[in-house]
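Throughout, a chain's letter reflects where its sequence line sits, starting with A, and its residues are numbered from 1.
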Amino acid sequence: MFKVQFAEKEMKFDAPLSVFDAAKEAELVSRAHVAAKVNGQVVGMTHLLQEDATVQLLTFADAEGRHVFRHTASHILAQAVKRLYPEVKLTIGPAIEDGFYYDFDSDISFGPDVLAAIEGEMKKIVKENLLIERFELPRDEAIKLMEEKGEPYKVQLIRELPDDAVISFYKQGEFTDLCAGPHLFSTGAVKAFKLTQCTGAYWKGDQKNKMLQRVYGTAFPSKDELKAHIEALEEARKRDHNKIGRELEYFTTVEEIGQGLPILLPKGSRVIQTLQRWVEDEEQKRGYLLTKTPLMAKRELYKISGHWDHYLDGMFVLGDPDDYTKECFALRPMTCPFQYQVFLNKKRSYRELPMRLGETSTLFRNEESGEMHGLIRVRQFTISEGHLVLRPEQLEEEFRGCLELAKYCLDTVGMLENCTFRFSQWDPARAGIKYEGTPEQWEEAQRIMGNILDNLGVEYTIGIDEAAFYGPKLDIQYKNVFGKEDTIVTIQIDMLLAEKFGMEYVDSDGQMKRPYIIHRTSLGCYERTLAYLIERYAGALPTWMAPVQVKVLPIGDEHIDYGYAVKQKLENFGVRVEIDDRNETIGKKIRNAQLEKLPYMLVIGDNEMNDQTVAVRSRKDGDKGVMSVDAFLSDLLQEIAEKRR
RNA sequence: GCUGCUAUAGCUCAGUCGGUAGAGCACGUCAUUGGUAAUGACGAGGUCAUCGGUCCGAAUCCGAUUAGCAGCUCCA
């Protein structure tokens, strides 16, 4: 006799039975249940219960349930591929955030026609409603089975499993795959799926390995859900900054200038200027000292910092890096060693610390050709860079200040709610290769940072092997419309560079001490931020940062002079105004202004000119009625000052 | 850098079987003087990304390069 505790009720059983049967006995099971959690572990509905257990039934609405569902979809994909192309070798095929993929080693490339054929075969497999059975094998038999099936990658995976690993397989019809599972009960549940694309991906994610063919897909329990998902995806892609940023004339690129070197057009430049002035003012309020340091330096500087050894490939070098009979310069890929010179300018006292240095800093990084993406990944960019030189006891307080500033900036522009935090740590396996310093230094810095993050109540994930070569980071991450994540803000503790540059201060006891350094950004890279803002607001930026805030639309020629007078008045208060004095109908002018997504239109005709008023139309709410210029201006300035979203 | 896709007017895109290029928008001129998402007429605009090859003939087929897109890898 054993007890099974469901959320709703407790059941007692005499003989072992499956989760499905137990749930059936309890009258809890429905078609929607795709898997279960037994004592916290996700299992399939066929999992055998034979002792006391807590069982939570999972549906597609649960993240774990979705995962199981889509993992089965990936097996259906693999089965279809093997039916159509038996010579293709299987590798791995997990569920991911919005779907699943499977990597194949194949000589033929999976173009649209091939994907359509595979989808057709998958439909058949779903219709066949094959039962999915789990079985386990000892290692040698598992290897033998996969060798017989001609799956060398699977053999390799089995060989790499730890000694105590359970080696399980899942079989559906003629198809058997090495897999930890769990899976659905049968293939019939995968009612709606779509293969979305095929791309290359390295075996085991390593550039040195063979490139495989990765087929991406997504799956849902119903066609309606699939359709809704695809529509939502299309909707998101309409916000793609790379598309509307060009259409709305924020930026462009020119073949002759080169990859990763966008031209910021007047609108994009104005937004960045607005953000930059605001961030610089905000930093000034928070005690930052402004610096302006060179964009390049001799190779010797980067040798001291370690960049020459660690990141030469990523730098633009002017001259022959190996010819020591001549000077060799390199454009800067970061600001640290330049800004440190400010501290090093004279002997420093503990009384001067914390020293907060800020700079709107342009950097150059020679990214590989396939890495560039619109304004998000570029070769030249400008960041709100800063370095804080600290006494050790100031570290936590100053780290808090940096985090507060970053959160304030991200919140003000409306991005904070979609940010995630990543505690980026080193990988001891790459000590001495990617990372400098001793394990003791790393453990110390990571311990301090972990404590600070915990004390501040920051919810974070841990990213192993994501640290800088000189220390751990708190990276604030943001996703673009394709779901791809990049760092927008970073706060880093550096325990190495101060030593390399011989930075020290005279402490209260007269002893020379080594300072801690925080590297940080307030709003990150302006180009990247602009890209995310365009996507966040679908091009309709909040009034305070909109490149054009107001457009004056005179109805006829006789209203143009008054229009210019209104424009002038607003401009006197710093408002960014344009006037559309073309010989076009008012309908046309409104349409154009609406498509430009600017916040306010002021329509002026006889009535407004005679009464010294404006007819206000907002992009959001349409016609807002007639009001005096002063009343409009006063509301507008209020909105801008509050940085209303 | 790797895998796949793409490149025709400023923009969005047609262009059939290989026979020397077309629309809408934008732009210019003229007419029109208007009231909350497109007034009308006319006009100008292209070495079909670049270079090379096949062919009597290439926007079209092939190759390379450059640039753009998605993914992988990378991201101080």
Side-chain angles (χ1 to χ4, degrees), chain A residues 101 103 106 109-112 115 196-216 237 240 242-243 246-247 249 252-261 302 305-307 310-315 332-337 363 365-374 376-378 424 434-436 466-471 473 475 482-487 490 492 494 497 519 525 553-560 582-595 601-608 615-619 622-626:
Chain A
Y101 69 78
D103 284 351
S106 162
S109 65
F110 294 170
L115 286 188
T196 47
Q197 63 170 339
C198 178
T199 71
Y202 299 105
W203 167 235
K204 295 195 166 245
D206 190 331
Q207 215 171 157
K208 292 193 278 290
N209 289 341
K210 181 162 185 184
M211 178 145 281
L212 309 169
Q213 304 247 357
R214 173 171 298 177
V215 178
Y216 282 96
R237 283 171 193 192
D240 181 2
N242 214 357
K243 184 169 185 291
R246 290 170 196 268
E247 282 168 8
E249 298 181 17
T252 187
T253 48
V254 176
E255 200 171 312
E256 291 72 20
I257 289 179
Q259 266 195 315
L261 298 168
Y302 305 110
S305 68
H307 289 89
H310 286 274
Y311 295 105
L312 187 56
D313 286 349
M315 289 165 65
R332 68 180 181 190
M334 33 73 246
T335 322
C336 341
L363 304 179
R365 297 182 186 179
N366 193 4
E367 305 283 0
E368 290 191 284
S369 65
E371 310 294 355
M372 263 70 75
H373 172 64
I376 287 180
R377 195 80 180 269
V378 290
S424 299
K434 181 175 170 187
Y435 302 105
E436 297 205 349
E466 299 282 359
F469 75 82
Y470 47 74
K473 309 189 283 182
D475 290 321
F482 296 99
K484 184 162 173 134
E485 187 180 276
D486 272 295
T487 301
T490 182
Q492 313 172 356
D494 171 9
L497 293 184
H519 301 229
C525 159
L553 309 179
I555 289 173
D557 287 349
E558 66 274 26
H559 312 123
I560 289 178
R582 296 173 305 163
N583 179 12
E584 294 289 353
T585 58
I586 190 64
K588 180 74 166 278
K589 291 180 185 184
I590 288 168
R591 178 181 157 79
N592 286 159
Q594 193 76 40
L595 292 175
M601 291 162 241
L602 302 180
V603 177
I604 52 176
D606 285 339
N607 299 337
E608 290 75 18
V616 181
R617 183 187 160 110
S618 91
R619 66 183 166 198
D623 197 343
K624 304 271 280 180
V626 176

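Taking atom CG of A:Asn592 as the reference point, atom P of B:rA26 lies 7 Å away to the nearest angstrom. Counting to the nearest Å, the C1' atom of B:rU36 and the CD1 atom of A:Ile604 are 14 Å from each other. One can place CD of A:Glu247 at 17 Å from P of B:rC25, the figure rounded to the nearest angstrom. We find that CD of A:Glu584 is positioned 11 Å from C1' of B:rG40, with the value rounded to whole Å. Distance CD1 (A:Ile555) to C1' (B:rG35): 4 Å, rounded to an integer number of Å. The nearest whole Å value for the distance from the CD atom in A:Glu558 to the C1' atom in B:rG34 is 9 Å. Rounded to an integer number of Å, the gap from A:Leu595 CG to B:rG24 P is 19 Å. Between the CG atom of A:Asn607 and the C1' atom of B:rG34 there is a distance of 13 Å, rounded to whole Å.
Scored by the side chain to side chain contact (heavy atoms under 4.5 Å, CB included) test, A:Thr253 finds A:Arg246, A:Pro262 as partners (sequence neighbours excluded). With sequence neighbours excluded, the residues forming a ring pair (Phe, Tyr, Trp, His ring centres under 6.0 Å) with A:His373 are A:His241, listed by chain and number. Judged as a salt bridge (charged side-chain N to carboxylate O under 4.0 Å, His left out), and not counting sequence neighbours, A:Asp494 has no contacts. A:Glu247 is linked by a salt bridge (charged side-chain N to carboxylate O under 4.0 Å, His left out) to A:Lys243, counting only residues two or more places apart in sequence or in another chain. The ring pair (Phe, Tyr, Trp, His ring centres under 6.0 Å) search around A:Tyr470 returns A:His519, not counting sequence neighbours. A search for ring pair (Phe, Tyr, Trp, His ring centres under 6.0 Å) contacts involving A:His307 returns A:Phe469, not counting sequence neighbours.
Base orientation of B:rG22: anti, since the glycosidic angle falls outside 90° of 0.
How far NZ of A:Lys473 is from OG1 of A:Thr490: 5.0 Å, rounded to the nearest 0.5 Å. For the atom pair A:Met211 CE and A:Asp103 CG, the distance stands at 9.5 Å (nearest 0.5 Å). To the nearest 0.5 angstrom, A:Lys210 atom NZ is 12.0 Å from A:Trp203 atom CH2.
Rounded to a whole angstrom, the distance from the P atom of B:rU73 to that of B:rG10 is 38 Å. Straight-line distance between the C1' atoms of B:rA67 and B:rA49: roughly 8 Å, to the nearest whole Å. B:rU54 sits 15 Å from B:rG63 when the P atoms are compared, rounded to a whole Å. Here the separation of B:rU39 from B:rC25, taken at their P atoms, is 10 Å to the nearest Å. Distance noted for atom P between B:rA23 and B:rA14: 16 Å (whole Å). Comparing the P positions of B:rG22 and B:rC62 gives an interatomic distance of 25 Å, to the nearest angstrom. For the P atom pair drawn from B:rG19 and B:rC48, the interatomic distance equals 16 Å after rounding to whole Å. Taking the C1' atom of each, B:rA21 and B:rC13 are spaced 14 Å apart, rounded to whole Å.
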Can I get a per-line list of side-chain donor-acceptor pairs under 3.5 Å for residues 587-595 of chain A, giving both atom names and the distance, sequence neighbours left out?
| from | atom 1 | to | atom 2 | distance (Å) |
| --- | --- | --- | --- | --- |
| A:Lys589 | NZ | A:Pro554 | O | 2.8 |
| A:Lys589 | NZ | A:Asp580 | O | 3.0 |
| A:Lys589 | NZ | A:Arg582 | O | 3.1 |
| A:Asn592 | OD1 | A:Arg582 | NH2 | 2.7 |
| A:Gln594 | OE1 | A:Arg617 | NE | 3.4 |
| A:Gln594 | OE1 | A:Arg617 | NH2 | 3.1 |
| A:Gln594 | NE2 | A:Arg619 | O | 3.1 |

Practice problem: Quick one: the dot-bracket string of RNA chain B, using Watson-Crick and G-U wobble pairs with both distances under 3.5 Å, [ ] for crossing pairs and | for bases paired to another strand. | Solution: (((((((..((((.....[..)))).(((((.......))))).....(((((..]....))))))))))))....
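As judged by a 4.0 angstrom heavy-atom cut-off over every strand, A:Ala615 is placed among the base-contacting residues. A:Ile590 comes within contact range of at least one nucleobase, with a heavy-atom separation under 4.0 Å. Residue-level contact check: A:Arg332 touches neither bases nor backbone, having no heavy atom under 4.0 Å from any strand.
Side-chain atoms of A:Val603 and A:Ile586, non-hydrogen and from C-beta on, do get closer than 4.5 Å to each other.
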Exercise. Determine, for nucleotides 67-76 of chain B in 5'-to-3' order, which nucleotides have protein heavy atoms under 4.0 Å from the base (write B), from only the sugar-phosphate (write S), or from neither (write -).
Key: SSSSBBBBBB
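For the pair A:Phe110 and A:Arg617, nearest-nucleotide mapping onto RNA chain B gives the more 5' position to A:Phe110.
Not one side-chain nitrogen or oxygen of A:Lys589 sits closer than 4.0 Å to the OP1 or OP2 atom of B:rU33.
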